Every structure is written in structure tokens, then in C-alpha cells.
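Everything quoted here is computed from the prediction, not taken from an experiment.
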Amino acid sequence: MTSTARKGQAPDRNIAIDLVRVTEAAALAAARWMGRGDKESADQAAVDAMRLMLDTVDMDGIVVIGEGEKDEAPMLFNGERIGNGQPPAVDVAVDPIDGTTLTAKGQNGALAVVALAERGTMFDPGPCVYMEKIAAGEEARGVLDLDAPIAENLKRLGRAKKTSVDDLTVLVLDRPRHDGIVDQVREAGARIRFIPDGDVEGAIAAAREGSGVDLYVGTGGTPEGVIAACAMKCLGGELQGRLSPRSDEERDAAVQGGYDVDSILTADDLVAGNDVFFAATGITDGDLLRGIRYRGESAVTTSIVMRSRSGTVRLMDAYHRLERLAQYSQIDY
């Protein structure tokens, strides 16, 4: 398969509220497992809730970014058809928990995420599990260069944001593979914040005003990169990535599949659609969203919902009466 996506059928209505109901359900289900040290059960609860709610949405969806192949079911597998079969025809990216380890340990930054775009416009990463990434907000459009040294990117970003490099904060996944990046950031004079997991939230935080993060850089999951690109299309931010095969065998498989593993991919390459939707609900507190809060017989969720066509970004608090939900819902909240 090549990395070129075709322009597909555009959704003709705003289904953002349908999507946020999906992420709310997944987050509420996952939150019951927060801090219990069982990431598999947390992920399964989120997947079950997400699948149940997705099948109520008016759409003919195909999972392009999921949790594996069909033989790994009951996960939401790549190629699975979801929705009730009605138009619009869309590609769907799901991450029932971005940060399963964070959820299991009760750490900050876990989200439930869904994104969709016109059919045939979402990048399928094929065999490539990881990709290099650099992401920032709208000021960075046309400024960043994945091939440039970190110091040069920080200088450019500082000029674009009318601030000094010393005032910039760079978010980096805390991994040994990023030791070189960390050294370069420190030598350039910028500040660093480490996160243990949460690749999607990290990229979005760099594009959101008031998050305290100016740049996200490092190597993380390719599926998460596609999901983050959906958010960037809505936020107007800048994201660049490059496939990062883990072995010669993976590189050969990608090349044989028609992928150019050396080229830089933009957000438009990763999701070519013009009507992109993104929804996320916090499971645990993070830079982007607050986590689930329980109040007696109720729970409060905080979500973000975005649409690229209008550029609208909604932050939503929802109050859920758990006893009433239990009367008709199959989901264990």
C-alpha cells in the first residue's frame, strides 16, 4: 500500500457529540480500573464500552487505526466495520486508552480517543509501529523541520512565538532512545518535561494554548501519530513525522508495501481529509484534560471535541448519573 491517500466522501453533518459520547463511555469504563495495576482489564473495559457506543453512531466506518489485526479480537481491530452502516463513509482511528500503563498506575495523562475522516483519507502505517515526530502550535506552521537540529528548530520556534529559547518547554517521552534529544534541548537552553506515556496527549499539548508546552519531539507510535495528526488538522498546528522501522526486516516489509521510509510526512499526509473530527475524554488528570471525578452516585467527565472544517474546539464537562445509566446501559460504569 502506498502512503498517498485519496480524497473521499465528506461527512455532511457534525457528529462531534456522537463521538464524545463514545469517548466518555470508554473513559468511564476504564476509570474503574485506575490504579489497580491491571492494564489489560482497563483496556478491555474501555474497548468494550467504545465498541458498544460506536455501533450506535450514524456512520459507515472502517477502523484504519486500531489495536491490531482481526485475530486479536475482541480488540477494535484494523479493518473492522463500525457504526450502524448509514452514511457518511469514514475512516476511523481509535485509542480506547492512550496510556494504559498510566491508567493502571493511576498516573496523569491517560485519555480515551476517537478520530474520523472521509473514507480513504487516513494513513495506514502498515508494518511500521514507530515514527519520529515533531509537533507544535499554529505559530510553527512552515517553521519546523524534522531534519534540522533541535537547536535550530528551537530558535525558529522562539522567533515565531516572539520569545527566547530559554522560555520554551519541550515535552519528551521518558525513554533511553531520547537521551540524544534531551542533551540537545538542554544545550540549546530550553526546558524539558518528561512524560512516561501518552503520545497523543503530548503532541496535542504542544499545540494547545495554555498547556505550558511549546514543542513535542521524539519517537513514538505511528498509530498515535495518525491520531495526533487528526487533532492537528483541527487545531491548525504543525506536525511532521517519519517512519522509523525497528529492524531491517520491518524496513524491507515497508518498502515492499510501497512506503517511503525516508520521507517526511505532514499532518496532511497522515490524514488527507478536509472534514476531520477528533474527540477525547480524560481518564486521569493531564495537561489537556481533567480525569474522571466521582461524586457520590455521579461522575464528571471532561472532554475536548474538535472539527477541522469549522476549526471549532469545544471543551465539555458532563455530569453522569451512574444509577440511571445502570438501568439501561450494558456498560459497567
Side-chain angles (χ1 to χ4, degrees), residues 5-27 46-47 49-68 75-98 111-125 199-201 203-204 207 221-237 239 265-281 288-289 303-314 316:
R6 65 183 185 276
K7 185 177 180 181
Q9 172 191 345
D12 58 0
R13 60 188 178 83
N14 190 335
I15 59 176
I17 299 302
D18 293 327
L19 293 184
V20 81
R21 290 174 61 240
V22 171
T23 57
E24 285 173 351
V47 168
M50 184 169 277
R51 174 181 278 119
L52 187 65
M53 294 303 296
L54 280 168
D55 283 341
T56 70
V57 178
D58 287 338
M59 67 177 181
D60 176 11
I62 295 178
V63 176
V64 175
I65 302 296
E67 298 209 343
M75 298 301 178
L76 282 152
F77 58 84
N78 298 338
E80 181 173 355
R81 304 215 54 140
I82 55 177
N84 63 9
Q86 299 297 313
V90 293
D91 288 344
V92 183
V94 298
D95 200 347
I97 303 181
D98 177 45
L111 304 171
V113 180
V114 170
L116 62 83
E118 302 97 314
R119 175 69 55 78
T121 63
M122 210 173 274
F123 182 85
D124 182 345
D199 209 12
V200 173
E201 190 197 34
I204 297 172
T222 306
E224 289 82 359
V226 177
I227 294 172
C230 292
M232 290 296 179
K233 294 273 287 199
C234 300
L235 291 168
L239 182 145
L265 302 169
T266 67
D268 286 332
D269 294 319
L270 294 171
V271 56
N274 294 315
D275 201 12
V276 181
F277 296 85
F278 177 93
T281 299
L288 186 64
L289 298 168
S303 304
I304 188 169
V305 187
M306 302 184 275
R307 187 182 191 183
S308 67
R309 177 180 286 181
S310 63
T312 301
V313 178
R314 292 181 173 90
M316 303 172 59

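- Using modelled atom types, no side-chain atom of Asp60 and backbone atom of Pro87 make a donor-acceptor pair closer than 3.5 Å.
- Interatomic distance, Cys230 SG to Phe277 CZ, rounded to the nearest 0.5 Å: 11.5 Å.
- Contact detail for Ala117 and Val276: the closest heavy-atom pair is CB-CG2, 4.0 Å.
- A donor-acceptor distance shorter than 3.5 angstrom exists from the side chain of Glu118 to the backbone of Asp275, with no hydrogens or angles considered.
- The salt bridge (Lys or Arg N to Asp or Glu O under 4.0 Å) analysis of residues 224-234, with sequence neighbours excluded, yields the pairs Lys233-Asp268.
- For the atom pair Ile227 CD1 and Asp95 CG, the distance stands at 4.5 Å (nearest 0.5 Å).
- Atom CZ of Arg51 and atom CD1 of Ile82 lie 9.0 Å apart (nearest 0.5 Å).
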| query | Should Ile17 and Val305 be marked as a side chain to side chain contact (heavy atoms under 4.5 Å, CB included) after you check the CA-CA gap, both sets of side-chain angles, and the distance that decides it? | reply | CA-CA 8 Å; Ile17 299 302; Val305 187; 5.7 Å; no

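- The minimum heavy-atom distance between Ala267 and Met232, with the atom names listed, is CB-CB, 4.5 Å.
- Summarising the geometry of Val313 relative to Leu235, their closest heavy-atom pair is CG2-CD2, 3.9 Å, with the distance given to 0.1 Å.
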| task | Go through Leu239 and Thr266 one step at a time and tell me if the side chain to side chain contact (heavy atoms under 4.5 Å, CB included) criterion holds. | result | CA-CA 6 Å; Leu239 182 145; Thr266 67; over 6 Å; no

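- Atom CG of Asn78 sits about 6.5 Å away from atom CD1 of Ile65, to the nearest 0.5 Å.
- The salt bridge (Lys or Arg N to Asp or Glu O under 4.0 Å) search around Asp98 returns none, not counting sequence neighbours.
- Distance check, rounded to the nearest 0.5 Å: CD1 of Ile15 to CG of Leu116 gives 4.5 Å.
- One N or O on the side chain of Ser308 and one on the backbone of Asn274 form a donor-acceptor pair closer than 3.5 Å.
- Residues Arg314 and Thr312 approach most closely at NH1-CG2, 3.8 Å, considering heavy atoms.
- Contact record, Val94 with Gly66: CG2-CA, 3.9 Å, taken as the closest heavy-atom pair.
- Of the possible polar contacts, one joining the Asp199 side chain to the Gly221 backbone as a donor-acceptor pair under 3.5 Å is found.
- Rounding to the nearest 0.5 Å places CG of Asp91 at 6.5 Å from CZ of Arg119.
- Put simply, the residue from Val92, Leu54, Val63 that forms a side-chain contact (heavy atoms from CB on, under 4.5 Å) with Glu80 is Val63.
- What you find for Leu265 and Phe123 is that their closest heavy atoms are CD1-CZ, 4.0 Å.
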